[in-house]
Amino acid sequence: MDCYLIDGGAKLSGTIQVNGSKNAALPILAVSLMTSGRCTFRNVPVIRDLQTQVKILNTLGIESTWHGHEITTRVVDTYNSTAPYELVKTMRAGVCVLGPLLGMRGQATVSLPGGCVIGERPIDLHLKGLAALGAEVTLDQGNIHVKAPRGGLKGATVYLGGKFGSSVLATDNVMCAAVFAKGTTVIECAACEPEVVDLADCLNAMGARIEGAGSPRITIHGVRRLKGVDWTVIPDRIETATFLMAGAITRSPITVAGGRPDHLLAVLDVLRQMGVEVKRSGNRMTVVPCERPKAAELATLPYPAFPTDVQSPILALMSIAQGTSIVTERIYPDRFMAAAEMKRLGANIAVSNGQAVIQGVERLSGAPVMASDLRCGAALVIAALAAQGQTRISRIYHVERGYERFEERLRKLGARIARVAEDAPQSAVAAAEA
Ligand code: EPU
């Protein structure tokens with residue numbers, strides 16, 4: 001297995017281009033199940049999770065071709081409507097084929113995704129929404145079966161709020177299933193994330209009639225069929241934020257190009273509170289670094305508030321800020337795995353009851369650490385960029401689930417990072433640069 005070796009302390013410079021959004025592309029690819037037409041999806045990041053999603057779609061009768069960041073799909077048979085456990089267990093987002101399959105084929109079986117390292121991740125809201133449209137939901141041998149009634153799904157009003165607020169993929173699933181339901185469906189307490197809007201816009205381009213995406217009330221008027229589509233996925237707001245953190249922590253005026261600042265207002269606001277200005281010019285964001293960032297306080301909440309997926313990366317920045325920062329995690333209260341690893345780099349973070357208190361230290365120092373999940377891995381890379389000495393990050397396959405050629409792109413900015421075998425010598429960073 002490979003790891004990252006990072007020699008901290010290098011200043012970064014230049015421009016980095018943001019890729020398409022992982023979390024928009026995952027459900028959007030699944031709409032290829034909802035048409036017999038040919039679909040082309042552009043700006044799809046070449047990352048592990050998308051590769052897994054394509055494999056799931058292939059098992060469901062979709063033929064696909066990748067050309068760089070472009071994927072073309074077409075349904076070639078509709079015989080199998082079961083998403084296999086071997087694939088869904090590696091990526092929870094596999095569950096987003098449930099709504100498209102139920103809507104189009106009248107039934108679907110997906111293995112129940114278990115918990116994951118960021119905490120319990122139930123799917124009760126997905127099932128509640130599908131049941132409200134008339135689907136029969138059964139659980140058998142770890143699989144969820146959903147089946148439309150004889151006359152097909154029927155539009156309904158469904159409240160999709162849970163104890164942690166709205167749910168992105170539940171909104172996606174119910175919206176997709178409702179596209180083919182008879183009559184009108186109203187989703188109340190719908191997730192407002194830009195990824196939900198991108199999915200709704202893509203479905204509308206295929207002939208769906210969805211109104212209100214981006215607000216807590218989405219109305220879907222049922223249609224009989226959808227046509228193929230040529231769709232360009234929105235830029236990844238989490239990747240954009242991650243690169244901004246890399247600029248901020250290394251105090252480097254890098255430019256992140258191709259992102260959507262309007263999707264990142266909460267992150268930009270917290271950075272401003274910390275003394276890190278981000279100059280915007282169209283879709284280009286340039287970090288105006290400060291000497292040492294100031295502490296800040298934030299809570300993660302559904303969009304448009306601060307995203308949980310940027311919580312670990314900003315923890316890295318807060319760990320070297322002046323003063324005491326407080327981060328309250330209101331989406332996944334157990335998502336603080338990064339904190340324990342960052343302590344190994346010298347960060348002073350105390351976690352209890354879904355809250356992290358970060359006492360900023362003057363500097364971090366390199367150490368061997370382990371990525372426990374995707375965003376934890378990204379946060380460790382950011383922390384390591386600013387740490388004194390060398391950091392070895394193992395289990396980087398987590399990072400590669402969500403960031404395409406992460407080390408290569410950071411190296412182009414001047415980061416001293418190499419992707420090497422687990423037992424490579426310390427000198428491997430210099431060798432990679434040569
Ligand atoms: N929830 C329920 N019941 C449900 C579904 C969710 O109680 O049926 C709870 C969750 O436990 C959580 C909250 O609702 O506390 C929000 O979860 P949500 O359903 O919105 O998460 P998701 O749709 O499964 C997506 C992203 C995650 C991101 C969350 C929150 C994708 C593929 N995944 O997951 O992304 O953290 O929304 O914004 O879109 C990541 O990219 O690293 C990642 C984990």
Side-chain angles (χ1 to χ4, degrees), residues 19-30 45 47-50 52-53 56 88 90-99 110 112-132 137 144 158-176 187 189-199 216 233-234 236-242 263 266-267 299-313 328-335 337-338 354 371-379 398-403:
N19 278 338
S21 159
K22 164 177 91 72
N23 290 347
L26 284 166
I28 284 179
L29 282 192
I47 49 176
R48 190 77 52 85
D49 274 11
L50 265 308
T52 306
Q53 184 71 329
I56 293 175
V88 178
T90 67
M91 186 193 67
R92 206 186 162 282
V95 78
C96 65
V97 298
L98 203 56
V110 176
L112 187 66
C116 72
V117 72
I118 65 175
E120 198 201 351
R121 297 183 70 183
I123 63 159
D124 55 309
L125 297 171
H126 303 233
L127 302 181
K128 174 186 172 186
L130 300 177
V137 178
I144 302 150
V158 55
Y159 179 81
L160 274 193
K163 62 180 173 185
F164 296 103
S166 55
S167 160
V168 176
L169 292 181
T171 303
D172 290 349
N173 262 329
V174 178
M175 188 162 74
C176 285
I187 304 176
C189 200
C192 302
E193 271 70 3
E195 294 76 19
V196 175
V197 179
D198 205 29
L199 173 65
V233 172
I234 55 169
D236 196 311
R237 63 192 167 102
I238 309 302
E239 190 182 80
T240 309
T242 305
H263 289 169
V267 172
T300 65
L301 286 165
Y303 188 82
F306 197 93
T308 172
D309 295 340
V310 187
Q311 181 258 103
S312 304
T328 309
E329 176 54 68
R330 293 209 197 277
I331 308 285
Y332 300 115
D334 297 328
R335 194 181 205 178
M337 252 58 74
S372 61
D373 69 270
L374 165 58
R375 307 302 172 189
C376 164
H398 287 297
V399 182
E400 293 174 347
R401 287 184 51 196
Y403 296 88

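Order of appearance sets the numbers: ligands from 1, and atoms from 1 within every ligand.
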Part of [X] with heavy atoms under 4.0 Å of ligand 1, whether side chain, backbone, both or neither:
X: Q53; answer: neither
X: P307; answer: neither
X: Y303; answer: neither
X: E195; answer: neither

Closer than 4.0 Å to some heavy atom of [X] - which atoms of ligand 1 meet that?
X: A93; result: 32 (C)
X: D309; result: 27 (C), 28 (C), 35 (O), 36 (O), 40 (C), 41 (O), 42 (O), 43 (C), 44 (C)
X: R92; result: 24 (O)
X: I123; result: 4 (C), 8 (O)
X: K22; result: 40 (C), 41 (O)
X: S166; result: 16 (C), 20 (O)
X: T308; result: 30 (C), 36 (O), 38 (O)
X: L26; result: 32 (C)

I'd like to check [X] versus [Y] (side-chain heavy atoms, cut-off strictly below 4.5 Å). Are they in contact?
X: T90; Y: R401; answer: no
X: Y332; Y: Q311; answer: no
X: H126; Y: D172; answer: no
X: L169; Y: V95; answer: yes
X: N19; Y: Y403; answer: no
X: P216; Y: C189; answer: no
X: F164; Y: P333; answer: yes

Practice prompt. Using the side chain to side chain contact (heavy atoms under 4.5 Å, CB included) rule, pick out the option among H263, R375, E195, K22 that qualifies with I238.
Written response: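 Result: among H263, R375, E195, K22, R375 is the only option passing the side chain to side chain contact (heavy atoms under 4.5 Å, CB included) with I238.
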Consider every N or O of [X] and every N or O of ligand 1, then say whether any pair is closer than 3.5 Å.
X: V168; answer: yes
X: L169; answer: yes
X: P122; answer: yes
X: L374; answer: no

Worksheet item: Measuring from the heavy atoms of G162, does anything fall under 4.0 Å of ligand 1?
Response: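 G162: no contact with ligand 1 (<4.0 Å).
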Item to complete: Verify side-chain hydrogen bond (donor to acceptor under 3.5 Å, both in side chains) between T300 and E329, making sure each step is shown before the conclusion.
Response: CA-CA 5 Å; T300 65; E329 176 54 68; 2.8 Å; yes
Discussion item. Given R375, R330, E329, identify the one with the heavy atom nearest to atom 42 (O) of ligand 1.
Written reply: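 Checking each option, the heavy atom nearest atom 42 (O) of ligand 1 is found in R375.
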Fill in: Option with minimal heavy-atom separation from atom 32 (C) of ligand 1, where the choices are N23, V310, L301
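Answer by nearest heavy atom: N23.
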Smallest separation among heavy atoms of [X] and [Y], with atom names:
X: I187; Y: T171; result: CD1-O, 4.0 Å
X: L125; Y: G161; result: CD2-O, 3.6 Å
X: C176; Y: L199; result: SG-CD2, 4.1 Å

